[in-house]
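Everything below concerns the one structure shown next.
Residue numbering restarts at 1 for every chain, and letters A, B, ... go by the order of the sequence lines.
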Amino acid sequence: MKIKRKKHEVQYPQILNLDDDFSLIKRFIEGDESTFNVLMLRHKEKVRNIIYLTLNNHELVDDIAQEVFITVYKNLGRFRFESQFTTWLYRITINKCKDHLRKIRIRSIFTAISDSDNEPGYTTSPEDKDTAEIVRAGISKLPEKLRVPLLLKDIEGLSYQEIAEAVQCEIGTVKSRIFRARESLRNILKPYERELL
Amino acid sequence: MKNIYKKYELLSAYVDNELSDAEIKKLEDELKFSKDLQNKLDELKKVKQLTASSVKSINENPYFDTRVSATLKNGTTWIFRLRNFYPVVGIIALSIMLMVVLKYNPGFINNIVEKQKSNISDFYKQNLKPLLYAADLTNEDIFNFAFYHQLPLDNSKHQYLYLGSGPNGNKYFEIKNSNQSIAGNNLEKFIKGLNLNTAQRRQVDSILSSYADNLQSQVLVNEKNTVAINPNIWNFNKALVADLISFAARANKQKMRNVLPAGFENYFNSSSIARFVNEVNSTNNNKYIFITPDTIFSDSFYFDKSKFNEQMKKLNEEMSKMNKENGNFVFNFHLDSNLVRLNNLPSMNDFKIFFDSNSCQIHLPQIIVPHIPVKDFDSIAANLGRAGDMFNKMFSFDFPDINKSKNFNYKYFYSDSAKGLKFNFRAFRFDTTFNFNNKKLNRLYGKNFRKFKFSNPDSIAEFYKQFFSDSTAFNQKELEKELQQVQKQMELFQKQMEQWQKQMPKNKKDTTAKQIEI
């Protein structure tokens with residue numbers, strides 16, 4: 001009987017500890033739904049920040065983060081343990097952000113004023129307000145495909161590998177995009193060279 | 001350039017600590033000897049630092065996990081899951097409702113459409129008044145209506161209603177911006193041509209005046225820019241022609257014998273014509289064609305003449321005001337196929353509308369013109385058409401004694417105007433006009449010889465259609481100028497001829513006398 005039960009068990013990597021993401025997911029699959037809350041508590045701020053940095057809008061963060069975690073909850077049973085949980089989670093997050101941006105673009109076709117016109121910018125500490133404001137304005141001018149990898153790297157501190165998996169492209173592309181983003185930002189900030197650079 | 005770009009990319013990755021040990025060593029060796037790379041590295045570090053310091057992470061939300069947990073808890077219930085199918089459920093429910101309604105009330109949609117139709121038609125029928133106010137129509141206007149099928153739509157005579165018929169006999173009317181083909185004083189020419197005495201002249205005036213009253217109820221307008229035209233106007237036109245030709249045939253038999261083909265003279269004295277005229281005048285057709293800014297449709301409308309006559313004084317003031325306000329009709333046609341078939345007449349086809357910057361032509365289904373219950377109506381109508389055309393030719397240019405064998409017959413058609421221009425010129429000094437046209441013909445001849453048939457003047461029209469998509473493009477003014485010049489030259493020639501004829505007998509006598517002397 002023991003042998004029979006082993007055959008039906010999912011084969012997980014041996015290196016895992018009880019409290020890491022994989023073990024929590026395993027427990028979730030086995031029926032312990034409380035582990036999902038642990039996963040959520042562990043990663044929610046990262047997810048919220050990625051959304052905030054990608055969309056440049058703090059009002060939408062919680063709604064989209066909620067969508068992300070609902071998607072995770074629905075699909076966690078099918079997690080294949082082939083990559084890190086965070087890689088999978090960030091990919092879902094970036095995809096949700098892309099979906100939202102796509103909706104905004106479609107909506108902007110039918111409305112005279114685009115939603116982005118009313119969106120608040122990134123927040124910053126009051127003492128750096130002037131400098132930060134200029135840089136933020138510069139960053140917001142970058143195209144999405146350059147802006148997102150740059151912010152995921154410089155603000156969230158994700159590795160090139162993690163960024164590549166999240167935005168679904170090659171590491172070389174991420175490297176190139178981050179460099180191009182910095183070059184573009186430098187060119188945008190050139191008029192303020194004395195104050196900033 | 002590409003190498004340096006790659007180098008900079010590596011520097012960027014170096015700043016991010018994303019290079020392998022070997023790459024770091026190689027790059028650091030290069031950095032020692034390259035000022036340019038050092039500068040770039042400093043620049044990239046600065047940009048990274050600026051990015052990191054300018055954007056702060058979003059504030060934590062302590063209630064976020066509670067919110068998600070609550071949503072997930074609700075989300076597992078069947079009502080929550082059903083929310084995803086709300087649109088589908090809505091469509092199915094609506095379809096079922098519609099099916100039930102249509103099963104027990106099959107005419108439901110038709111009723112709505114019909115109600116809508118009648119609402120629209122009632123809206124445009126309100127407050128219709130005659131546009132052709134009898135007092136404003138001169139006898140000359142009515143005479144021109146008879147033979148040239150056009151009536152002035154405004155006091156300043158800038159716009160005309162033209163009644164026409166296409167090659168297939170289809171009726172149409174056209175609102176034109178200017179009178180393009182009628183010379184002035186046609187009524188006077190008619191009277192002089194027939195050598196009418198004062199009593200006969202009065203008779204002509206009374207015939208024309210009697211039609212003025214009928215004509216005024218044929219074209220109605222209102223402040224909603226609706227024009228309602230009674231198709232019976234075509235029959236009035238025929239009756240008027242019949243009346244005038246019958247009168248002419250009685251008044252000057254000799255003259256009419258020269259003008260009309262054999263048998264026509266007796267024909268116009270027949271009782272059929274009188275019956276026809278009486279029938280037309282007594283027919284009360286209540287079906288009007290409504291031309292509105294939105295659509296064109298045909299519907300019943302009763303115009304109360306007696307009530308109108310009572311309001312005549314008041315109306316006169318309003319009309320003059322209206323004419324001032326609405327100098328021109330402006331139509332934006334949005335054809336609604338439902339409204340076009342407002343009457344649900346089975347054989348009633350769509351109205352066809354053609355318009356350009358100069359005119360608006362509306363072709364009507366044949367059934368719409370009321371049939372006059374006279375036994376030989378069709379033959380009368382056909383003969384009237386022929387006789388009218390001959391009359392038209394006879395009085396167009398006041399040359400009653402034209403020797404036909406020496407004449408050039410020109411026939412012009414505008415690209416978009418169905419009414420052709422027909423000119424008869426005597427074979428004298430027509431060269432200016434002829435050259436003008438000859439240039440056009442030569443040009444066409446060179447371009448497309450096969451399609452061009454000299455024997456058939458109508459084919460010329462086809463060519464002009466190709467070259468002038470808009471009737472305003474046709475050089476009407478230039479042609480008119482040329483014709484005026486020709487007319488002046490011909491008048492001058494006539495005077496010279498008269499003088500010459502007076503001198504001729506004297507010369508003859510002198511010559512004879514000299515011969516006797518020899």
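Of the atoms belonging to A/Ala181, not a single heavy atom falls under 4.5 Å from chain B. Proximity to chain A is limited to the side chain of B/Leu10, based on heavy atoms less than 4.5 angstrom apart. Using a 4.5 Å cut-off between heavy atoms, A/Gln66 contacts chain B through both its backbone and its side chain. Residue contact with chain A, scored on non-hydrogen atoms closer than 4.5 Å, is absent for B/Lys45. At a 4.5 Å heavy-atom cutoff, the contact between A/Val61 and chain B is made by side-chain atoms alone. Using a 4.5 Å cut-off between heavy atoms, A/Glu156 contacts chain B through its side chain alone, with no backbone atom that close. Interface residue A/Asn37: only side-chain heavy atoms are found under 4.5 Å from chain B.
Enclosure of atom CD in B/Glu60 is not indicated, since only 12 or fewer non-hydrogen atoms of other residues, nucleotides or ligands lie within 6.0 angstrom. A 6.0 Å sphere centred on CG of B/Asn39 holds more than 12 heavy atoms belonging to other residues, nucleotides or ligands. Residue B/Glu9 qualifies as enclosed at atom CD: its count of foreign heavy atoms under 6.0 Å is above 12.
Atoms CD1 and OG1, from A/Ile155 and B/Thr51 in turn, are 6.5 Å apart once rounded to the nearest 0.5 Å. From B/Asp16, atom CG reaches atom CG of A/Leu150 across 8.5 Å, with rounding to the nearest 0.5 Å. Between the CG atom of B/Asn59 and the NE2 atom of A/His58 there is a distance of 9.5 Å, given to the nearest 0.5 Å. If you take CG on B/Asp65 and CZ on A/Phe36, they are separated by 10.0 Å, rounding to the nearest 0.5 Å.
A donor-acceptor pair under 3.5 Å is formed between the side chain of A/Lys44 and the backbone N or O of B/Asn61.
One finds a salt bridge joining A/Asp63 and B/Arg67 here, because a Lys/Arg side-chain nitrogen approaches an Asp/Glu carboxylate oxygen to under 4.0 Å. Between A/Lys175 and B/Glu18, none of the side-chain N atoms (NZ, or NE/NH1/NH2) sits under 4.0 Å from a carboxylate O, so this pair counts as no salt bridge. B/Lys48 and A/Asp154 are joined by a salt bridge, as a carboxylate oxygen and a charged side-chain nitrogen come within less than 4.0 angstrom of each other.
Listed here is the closest heavy atom pair of A/Ser176 and B/Tyr5: OG-OH, 4.3 Å. For the pair A/Asp62 and B/Phe64, the tightest heavy-atom approach, listed with the atom from each and the gap, is O-CE1, 3.4 Å. The nearest pair of heavy atoms linking A/Met40 to B/Ser69 is CE-OG, 4.0 Å.
For the pair A/Glu183/B/Lys40, a side-chain contact is recorded, criterion being any heavy-atom separation below 4.5 Å from C-beta on. Side-chain contact check for B/Leu50 versus A/Leu189: some heavy-atom pair is nearer than 4.5 Å.
Side-chain contact check for A/Arg182 and B/Ser12: at least one donor-acceptor pair (N or O, by modelled atom type) lies under 3.5 Å.
Taking the six-membered ring where the residue is Trp, B/Tyr8 and A/Phe179 present tilted rings, their angle falling between 30° and 60°.
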